[in-house]
J.: 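This structure is in structure tokens; I'll ask about it shortly.
Nothing here was measured: the structure is a model prediction, and the numbers come from that model. Heavy-atom basis, side chains included; hydrogens, waters and symmetry copies ignored. So that the names make sense, note that chain A is the first sequence line, chain B the second, and so on, each numbered from 1.
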Protein chains: 2
Amino acid sequence: MNEQSFFTATDDAPTDGDTETRRSADSSERAYNTIRKLLVEFKLKPEERINEVQLAKTFGVSRTPIREALNRLASEGFVSLTPNRGFFVRSLSTEGLIDLYELRSIIECAAFRLMCERAEDDQIERLRLYWSAIVDGYREQPADTILAEDEGFHLLIAELSGNPELINQLAAINARIRFIRRIQIEHRSHDLSQVASHSAIVDAAIARDAEGGMRLLRQHIELTVSATQQALKDALLKVYSPPVADTKRARRRAV
Amino acid sequence: MNEQSFFTATDDAPTDGDTETRRSADSSERAYNTIRKLLVEFKLKPEERINEVQLAKTFGVSRTPIREALNRLASEGFVSLTPNRGFFVRSLSTEGLIDLYELRSIIECAAFRLMCERAEDDQIERLRLYWSAIVDGYREQPADTILAEDEGFHLLIAELSGNPELINQLAAINARIRFIRRIQIEHRSHDLSQVASHSAIVDAAIARDAEGGMRLLRQHIELTVSATQQALKDALLKVYSPPVADTKRARRRAV
DNA sequence: TGTCAAGAAAGTGTCGACACTATTGCGTTC
DNA sequence: GAACGCAATAGTGTCGACACTTTCTTGACA
């Protein structure tokens, strides 16, 4: 990891002499968000051991809030904790990614079915409006916007299912695959089908066609998996290649 | 909360004189397990504010491991965190319980389907053996054993699905509803159907009848929901009514 | 008697320190 | 030259302290 500045130079250097104590009371929260970002962007590399002292120094805080953040991230599956050895970045292998997408597919299909069974017509209308409001400019948006809109669409379905647990689940899953999705969206490999399937899903919702909608969703997600696998490989390559000096070959020779 | 002993007198009193420093290096872990138990057994009551100092004193540790445990529990939905006011016990309303069971049903059905599609015959055989090994004495077991065996059965299905994420999800859900399930098992209101449906589920697995098995699972779980709702009400009643004789005076006397 | 404000008390958020554990590097022995 | 063990180093786990915030108490005032 490169230990440059993480905070944008604004709020941790007590430049002004008098207010220097700067009790923010949310170091943990900020550490959590920042570390999660580092993880999700592969700034902290898979399998890497996380050095609390170094992170704390970089953030300009003590180890306490760092550890609180890491504990939360451990519960959420981003990192793992080995006693007396510390926290490690949990790698998201291609395999693990598929498992996550499968879970996502399961949750979303269930949410869709429940929505069909339970939602009022005007709620379905909300879904239609949400999508129709963004469908036009969809492809011209920057990747971040597309990602947010896409997540919003699926989260709205979860919301209309009437089961808040589903929203939580989906949000947690999204957080774990967001970076990959963004890379994949940047590739723009399948925009067309994406737009089309969202529209089709809305249609199915209006028709209260649970089975049909679930089939669409499953296809929709499965379709992205393969594209995403490629994206993950690219991302990992980018992460591991810069030090071109091949670790693997060297190691293998050594053995 | 009654501030008697939480650890079962075994492993925190340094009874043997010389090793008194007792560097265990797992205070956090133990605190996590113990607090979770307190939560799950309603020893810490819904909506109640969690006093870190008091917990720390009771456990005989500092606040640090307590806070680490609480942060993890916050990620898992057991408690919530309000800045500068601390951690609060998240209440599990009847409604929330239904949502959780619904989620459980979703995960389990999906796991069953995947198992039918992917598991080798000898893995299915493992499931059959697991169940046949416990089915005989099932009803005579104490509630804890029944609960563990039941959870084991469903977790095994998740395992045979081949998707580790499903195992994690199910384990997390189980942890949140365990206490209620135990109460409900103690009521022994539906043992018969329980045993029968597990056997039927095994049969469906052997026949690779995904749809049939899922239907059974859904019924199986839905059936427990209503029984469980009653159990929850009883539990909440038990939690809220005894205090009649004000806790505060009692606590003060105890100190 | 009820309301409100000031002070006291209780409680959280973060820090720096230190004990303990794992890892690394070095010198010794074969 | 390689394996081994020991010392030095780096890093984690926990603690007690203290600044700040919230909550409770008390007493003045209407």
Side-chain angles (χ1 to χ4, degrees), chain A residues 1 3 7 11-14 18-35 44 47-75 79-89 254-255, chain B residues 1 3 7 11-12 14 18-35 44 47-75 79-89 246-249 251-252 255:
Chain A
M1 201 188 76
E3 39 179 311
F7 294 130
D11 55 357
D12 72 329
D18 47 4
T19 60
E20 69 149 32
T21 325
R22 204 65 170 81
R23 275 265 151 206
S24 45
D26 65 340
S27 301
S28 286
E29 187 66 20
R30 292 199 307 174
Y32 170 81
N33 286 319
T34 314
I35 296 174
L44 290 168
E47 307 294 346
E48 187 175 294
R49 182 176 182 169
I50 296 177
N51 189 325
E52 299 170 12
V53 177
Q54 192 179 324
L55 270 185
K57 214 181 294 175
T58 313
F59 284 43
V61 298
S62 84
R63 275 170 55 224
T64 309
I66 302 288
R67 281 183 65 87
E68 297 205 346
L70 288 172
N71 270 293
R72 286 167 61 184
L73 290 165
S75 292
V79 302
S80 63
L81 172 59
T82 312
N84 285 319
R85 299 200 348 107
F87 294 90
F88 291 79
V89 180
V255 175
Chain B
M1 199 188 78
E3 38 180 312
F7 294 129
D11 54 0
D12 74 326
D18 46 2
T19 59
E20 68 147 33
T21 324
R22 204 67 170 79
R23 274 267 149 206
S24 44
D26 65 340
S27 300
S28 287
E29 187 67 19
R30 292 199 308 175
Y32 170 80
N33 286 318
T34 314
I35 296 174
L44 289 167
E47 307 295 345
E48 187 176 292
R49 181 178 182 166
I50 296 176
N51 189 327
E52 299 171 11
V53 177
Q54 192 179 322
L55 270 185
K57 215 181 292 174
T58 313
F59 284 42
V61 298
S62 84
R63 277 171 53 227
T64 309
I66 302 289
R67 282 183 64 87
E68 297 205 346
L70 287 172
N71 270 293
R72 285 166 62 183
L73 289 165
S75 292
V79 303
S80 63
L81 173 59
T82 312
N84 284 320
R85 299 198 350 106
F87 293 89
F88 291 80
V89 180
D246 40 4
T247 45
K248 257 183 205 158
R249 219 188 307 155
R251 201 187 308 157
R252 209 166 286 152
V255 175

J.: Atom CZ of B/Phe59 to atom P of D/dC15: distance rounded to whole Å?
T.: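 After rounding, the gap between these two atoms is 12 Å.
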
J.: Taking all atoms of both residues into account, what is the closest heavy-atom pair of B/Ile50 and B/Phe88, and its distance?
T.: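 Heavy atoms of B/Ile50 and B/Phe88 come nearest at CD1-C, 4.4 Å.
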
J.: Distance from B/Ser75 atom OG to A/Leu73 atom CG, nearest 0.5 Å?
T.: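 Taking OG in B/Ser75 and CG in A/Leu73, the distance rounds to 7.5 Å.
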
J.: Using 0.5 Å steps for rounding, measure from the CZ atom of A/Arg72 to the CZ atom of B/Arg72.
T.: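 So the gap between those two atoms works out to 13.5 Å.
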
J.: Does A/Ser62 put a side-chain nitrogen or oxygen below 4.0 Å from OP1 or OP2 of C/dC15?
T.: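 Looking at the OP1 and OP2 atoms of C/dC15, one of them is under 4.0 Å from a side-chain N or O of A/Ser62.
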
J.: Give, for atom CG of A/Leu44 and atom CZ of A/Phe87, the distance between the pair rounded to the nearest 0.5 Å.
T.: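 Here the rounded value is 13.0 Å.
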
J.: All N/O contacts under 3.5 Å from nucleotides 9-11 of chain D to the protein, with atom names and distances to one decimal?
T.:
| from | atom 1 | to | atom 2 | distance (Å) |
| --- | --- | --- | --- | --- |
| D/dG11 | OP1 | A/Asn51 | ND2 | 2.9 |

J.: Is A/Ser28 close enough to C/dG13 that one of its side-chain N or O atoms is under 4.0 Å from OP1 or OP2 there?
T.: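 Looking at the OP1 and OP2 atoms of C/dG13, neither is under 4.0 Å from any side-chain N or O of A/Ser28.
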
J.: Under the side-chain contact (heavy atoms from CB on, under 4.5 Å) criterion, do B/Ile66 and B/Ile35 qualify, and how do the steps go?
T.: CA-CA 9 Å; B/Ile66 302 289; B/Ile35 296 174; 4.3 Å; yes

J.: Do the side chain of A/Arg63 and the base of D/dG13 come within less than 3.5 angstrom through a donor-acceptor pair of N or O atoms?
T.: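 In this structure, the two groups form a donor-acceptor pair.
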
J.: Please report the closest heavy-atom contact between A/Ala69 and A/Ser28, naming both atoms and the distance.
T.: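 Here A/Ala69 and A/Ser28 meet closest at CB-O, 4.0 Å.
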
J.: Please list all pairs passing the salt bridge (Lys or Arg N to Asp or Glu O under 4.0 Å) test where one or both residues lie in residues 51-61 of chain B, with sequence neighbours left out.
T.: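 Pairs touching residues 51-61 of chain B that pass the test: B/Glu52-B/Arg63, B/Glu52-B/Arg67.
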
J.: Which residues in residues 66-73 of chain B have a heavy atom closer than 4.0 Å to any atom of DNA chain C?
T.: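 Those residues are B/Arg67.
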
J.: Would you sort out whether B/Thr64 and A/Thr64 count as a side-chain contact (heavy atoms from CB on, under 4.5 Å), showing the intermediate values?
T.: CA-CA 8 Å; B/Thr64 309; A/Thr64 309; 5.5 Å; no

J.: Between A/Asp26 (CG) and C/dT12 (P), how many Å, whole number?
T.: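 After rounding, the gap between these two atoms is 18 Å.
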
J.: Would you say a side-chain N or O of A/Ser27 is under 4.0 Å from OP1 or OP2 of C/dT14?
T.: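 Result: yes.
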
J.: Looking at the side chain of B/Leu81, which of C/dG13, D/dG13, C/dG16 is the nearest nucleotide?
T.: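 Selected nucleotide (nearest to the side chain): C/dG13.
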
J.: Starting at atom NZ of A/Lys57, determine the distance to atom P of C/dG16, rounded to an integer number of angstrom.
T.: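 A/Lys57 atom NZ is separated from C/dG16 atom P by 13 Å.
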
J.: Rounding to a whole Å, what distance do you find between B/Phe87:CZ and C/dG11:C1'?
T.: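 Atom CZ in B/Phe87 sits about 13 Å away from atom C1' in C/dG11.
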
